[in-house]
Q: 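Shown below is the structure under consideration.
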Amino acid sequence: MKRTHHCCELTDADVDKKVVLMGWVQNRRDHGGVIFIDLRDREGITQVVFNPGVSKTAHEKAGEIRNEYVLGIKGTVIPRPDDMINPKRKTGAVEVMVDELSIFSKAETPAFQIEDRIEASESIRLQYRYLDLRRQQLKNNIMTRHKAATAVRNYLDQNGFIDIETPFLTKSTPEGARDYLVPSRVNPGEFYALPQSPQLFKQLLMIAGFDRYYQIVKCFRDEDLRADRQPEFTQIDMELSFVDEKQIMTVAEGMIVEIFKKVLDMDLVTPFSQITYDQAIERFGLDRPDLRFGLELINVSDIVKDAGFKVFANVVKNGGLVKAINAKGCATFTRKQIDELTDFAGVYKAKGLAWIKIKEDTWQSPIAKFFTDEEKDALKNRLDLQPGDIVFFVADQPKITNEALGQLRNELARRLELVSNDTYEFVWVTHFPLVEYDETEKRYQALHHPFTAPLEEDMEKLSTDPASIKSRAYDLVLNGIEIGGGSIRIHSSELQQKVLKCLGIDDKEANEKFGFLLTALKSGAPPHGGIAFGLDRLIMLLCKEDSIRNVIAFPKTQKATCMLTQAPSKAATAQLQELAIKINKIEE
RNA sequence: GGGGGUGUAGUUCAGUUUGGUUAGAACGCUUGCCUGUCACGCAAGAGGUCGCGAGUUCGAGUCUCGUCACUCCCGCCA
């Protein structure tokens with residue numbers, strides 16, 4: 001028996017053909033006389049029929065068939081009478097009358113039903129992932145991922161990019177995420193680190209003269225998991241020589257356009273909009289603004305700086321920020337809803353959430369009484385307050401005010417259903433700060449990574465005021481989610497050393513950790529830069545999923561375990577001895 | 001490291017508020033009947049460590065404490 005068709009392709013045009021299909025039993029309907037089987041393969045479902053009048057042996061054998069058995073059937077495509085056509089199915093106009101049946105494999109009753117409308121808990125689905133992957137939704141997600149990856153490869157190939165593999169067994173780099181370590185047997189006591197990204201290798205490839213590199217590559221970070229974070233995840237990583245920000249963005253936009261065309265058959269408009277980091281924080285509170293809706297943050301610090309409401313006045317006096325969001329027409333919010341929003345803001349360290357409901361001729365609010373008429377007028381004008389509105393205030397240190405109100409903005413949009421899954425709003429966020437002061441470690445830390453070039457005009461501030469330097473880094477944000485980020489890199493060894501020094505890494509440490517890069521930069525490095533996209537997140541958005549686990553074939557749980565293989569697991573004593581590793585007593 | 005949610009039949013859940021007879025439903029499964037179903041139908045049946053452990057009580061799925069797993073979030077993730 002040799003397969004002639006997939007279970008998706010038979011139509012009226014195939015009537016009377018002898019065909020062979022192979023696949024899994026989706027469903028069995030035994031009418032005593034006639035037996036219907038929905039046969040499923042990767043591509044779709046076709047109904048096959050066993051009729052004792054056509055083949056007595058096949059019909060008898062079909063009696064023992066159960067769900068998820070693996071079959072091969074040979075038969076004739078026959079048309080269905082008009083009143084028996086199933087319009088819900090692509091192949092619903094025909095069916096295959098079987099005259100020969102082969103049962104390749106029996107199957108135990110699956111732990112959960114292989115049907116999209118049946119919900120199973122995620123842990124049971126992860127435990128039997130191969131069954132879960134049989135379901136249409138998950139299968140579609142994986143197919144979408146394949147389509148997107150293929151679109152990426154074709155696009156980048158056509159644009160002169162070369163696919164080059166970089167090592168997984170590599171060197172631990174300071175800063176950034178916690179590394180996954182791999183012990184070296186032949187060098188007892190020493191460890192490789194799995195790459196958090198191929199950053200340094202792709203820069204070395206530029207120095208080597210490959211001009212344009214790309215890779216769809218696994219990256220590893222040993223940090224706590226989230227719905228959109230796995231310990232191993234996939235990047236579309238690329239690097240280009242002799243380019244500036246604009247050229248990289250253009251290439252990246254072209255790639256995104258290609259993905260959306262190939263996967264969703266959607267035509268995106270380019271160029272994508274751009275906003276500077278400072279503007280994004282000012283207007284949206286976050287460095288990854290969701291532009292699908294308004295509700296912008298408005299600074300009212302100057303208006304309330306002398307207000308009788310001491311919370312506001314004191315915050316401004318101490319260098320803080322008072323900002324507000326006017327939720328138009330939402331004065332109907334109940335006390336309970338406001339309390340929930342206050343708790344929500346509290347998650348982001350806001351100490352409170354002040355509010356004013358604008359009524360026809362009065363302001364209903366615990367804080368309205370503290371404002372003078374002038375202050376009220378100023379607020380009214382600045383915030384465009386009209387009857388029926390409710391306005392929320394956060395007053396705190398700038399970082400907290402922006403973060404809390406920015407998150408509140410997203411939450412309000414969710415609650416008010418201002419966001420549509422079918423809208424895709426891209427925005428480039430540019431001019432990130434180069435560094436950020438780390439209060440706990442009492443030193444500056446790179447916001448992007450230590451190899452990001454500072455803006456030319458900010459260069460002289462390296463030794464005087466690092467925090468005010470803007471970098472040549474950019475993120476691509478889609479619907480409030482960062483899907484990619486990159487920068488123009490430093491291509492001068494001297495500048496690289498200066499930046500490392502600024503980050504508190506002295507020459508000795510720099511040489512130990514990045515000596516090879518500093519040396520390479522002295523060997524003739526082209527100006528270069530690049531960008532990396534989180535493939536999992538991108539596919540998650542394309543599939544309208546809430547978690548990247550649903551677009552990864554074999555994802556890990558929140559405790560970074562694999563429910564299918566039970567990894568990680570204990571190593572044999574002999575293995576550990578070979579690796580010169582001793583395990584500290586772990587309480588059982 | 002911290003906060004929230006969930007855990008009862010193979011699966012998804014109800015039952016827990018207010019402790020009390022034999023822990024229910026749907027789907028799935030098994031058996032029988034059925035020649036036009038496609039969420040087939042009809043009839044019968046099997047199926048439970050109420051996550052685990054301790055405690056309170058005459059009595060615990062239900063209350064208390066601990067613990068484990070899954071999950072969402074904060075911290076963390078250049």
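Note: hydrogens, waters and symmetry copies are ignored here, and every other heavy atom, side chains too, is used. Note that the coordinates shown come from a computational prediction; the quantities given were computed from them, not determined experimentally.
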Q: Is any side-chain nitrogen or oxygen of Gln558(A) closer than 4.0 Å to OP1 or OP2 of C72(B)?
A: yes

Q: Hey, which of these two, Leu225(A) or Leu447(A), hits RNA chain B nearer its 5' end, going by closest nucleotide?
A: Leu225(A)

Q: Using the closest heavy atom to pick a nucleotide of RNA chain B for each, name whichever of Thr109(A) or Gly53(A) lands nearer the 5' end.
A: Thr109(A)

Q: If I pick the P atom on U31(B) and the same atom on G61(B), what distance separates them, to the nearest angstrom?
A: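 Straight-line distance between the two P atoms is 34 Å.
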
Q: Within less than 4.0 Å of OP1 or OP2 of C70(B), is there a side-chain N or O belonging to Lys559(A)?
A: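 It does not, given that no N or O in the side chain of Lys559(A) lies less than 4.0 Å from OP1 or OP2 of C70(B).
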
Q: Using the C1' atom as the reference point in each nucleotide, state the distance between G55(B) and A9(B) in Å, no decimals.
A: 28 Å

Q: Under 4.0 Å from OP1 or OP2 of G28(B): is there any side-chain N or O of Asn67(A) that close?
A: no

Q: Taking only side-chain nitrogens and oxygens of Arg29(A), does any of them come within less than 4.0 Å of OP1 or OP2 of U37(B)?
A: no

Q: Can you see if the side chain of Lys88(A) gets near the phosphate of A39(B) - specifically, an N or O under 4.0 Å from OP1 or OP2?
A: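 Yes, within the criterion.
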
Q: Going by 5.5 Å between centroids and 30° between planes, is there a stack of Phe36(A) over U37(B)?
A: yes

Q: What about Glu95(A): does its side chain form a donor-acceptor pair under 3.5 Å with the base of G36(B)?
A: yes

Q: Within the modelled atom types, does a donor on one side and an acceptor on the other bring the side chain of Glu119(A) and the base of U11(B) under 3.5 Å apart?
A: no

Q: Measuring to OP1 and OP2 of U31(B), would you say a side-chain N or O of Arg66(A) lies under 4.0 angstrom away?
A: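 Checking U31(B) against Arg66(A), a side-chain N or O does come within under 4.0 Å of OP1 or OP2.
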
Q: Using the P atom as the reference point in each nucleotide, state the distance between A23(B) and G51(B) in Å, no decimals.
A: 15 Å

Q: Check whether any side-chain nitrogen or oxygen of Ser121(A) sits under 4.0 Å from OP1 or OP2 of C70(B), and answer yes or no.
A: no

Q: Do Phe50(A) and Phe36(A) make the cut of ring centroids closer than 6.0 angstrom?
A: no

Q: Is a donor-acceptor pair below 3.5 Å formed from side chain Arg117(A) to base U12(B), judging by atom type as modelled?
A: no

Q: OP1, OP2 of G36(B) versus side-chain N and O of Asn51(A): anything below 4.0 Å?
A: no

Q: For U11(B), does either OP1 or OP2 sit under 4.0 Å from a side-chain N or O belonging to Arg135(A)?
A: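 Answer no for this pair, as no side-chain N or O of Arg135(A) is under 4.0 Å from OP1 or OP2.
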
Q: Side-chain donor-acceptor pair under 3.5 Å between Asn141(A) and Gln137(A), yes or no?
A: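 Side chains of Asn141(A) and Gln137(A): no pair found under 3.5 Å.
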
Q: For nucleotides C33(B) and C50(B), find the distance between their C1' atoms and express it as a whole number of Å.
A: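 So the two C1' atoms sit 37 Å from each other.
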
Q: Once you round it to whole Å, what is the distance between C1' of C76(B) and CD of Gln196(A)?
A: 12 Å

Q: Going by distance alone, is a donor N or O of one side chain under 3.5 Å from an acceptor N or O of the other, for Thr561(A) and Gln566(A)?
A: no

Q: Using a distance-only criterion (donor-acceptor N/O pair, under 3.5 Å, no hydrogens), is the base of C38(B) paired with the side chain of Arg80(A)?
A: yes

Q: I want to check one thing: is the phosphate of C74(B), taken as OP1 and OP2, less than 4.0 Å away from some side-chain N or O of Arg226(A)?
A: yes

Q: Any salt bridge between Asp458(A) and Lys470(A), counting N to O under 4.0 Å?
A: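 Not counted as a salt bridge, because no side-chain N and carboxylate O are separated by less than 4.0 Å.
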
Q: Is the closest side-chain donor-acceptor distance between Arg125(A) and Ser123(A) under 3.5 Å?
A: no

Q: Taking U16(B) as the reference, what is the distance to U64(B) when you measure between their C1' atoms (whole Å, please)?
A: 14 Å

Q: Under 4.0 Å: is that the gap between some side-chain N or O of Thr46(A) and OP1 or OP2 of C38(B)?
A: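 For C38(B), neither OP1 nor OP2 has a side-chain N or O of Thr46(A) closer than 4.0 Å.
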
Q: Any side-chain donor-acceptor pair under 3.5 Å between Glu545(A) and Asn550(A)?
A: yes

Q: Which value, in whole Å, describes the distance between the C1' atoms of nucleotides C63(B) and A43(B)?
A: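 It comes out at 44 Å once rounded to the nearest Å.
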
Q: Confirm from the modelled atom types if Asp83(A) and G36(B) form a donor-acceptor pair under 3.5 Å, side chain to base only.
A: no

Q: Is there a side-chain contact between Ser123(A) and the phosphate of U71(B), meaning an N or O under 4.0 Å from OP1 or OP2?
A: no

Q: Between C70(B) atom P and Gln566(A) atom CD, what is the distance in whole Å?
A: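 Going from Gln566(A) (CD) to C70(B) (P), I get 10 Å.
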
Q: Indicate whether the side chain of Asp237(A) and that of Tyr213(A) have a donor and an acceptor atom separated by less than 3.5 Å.
A: yes

Q: Is it the case that C76(B) (base atoms only) and Arg229(A) (side chain only) share a donor and an acceptor within less than 3.5 Å, ignoring hydrogens and angles?
A: yes

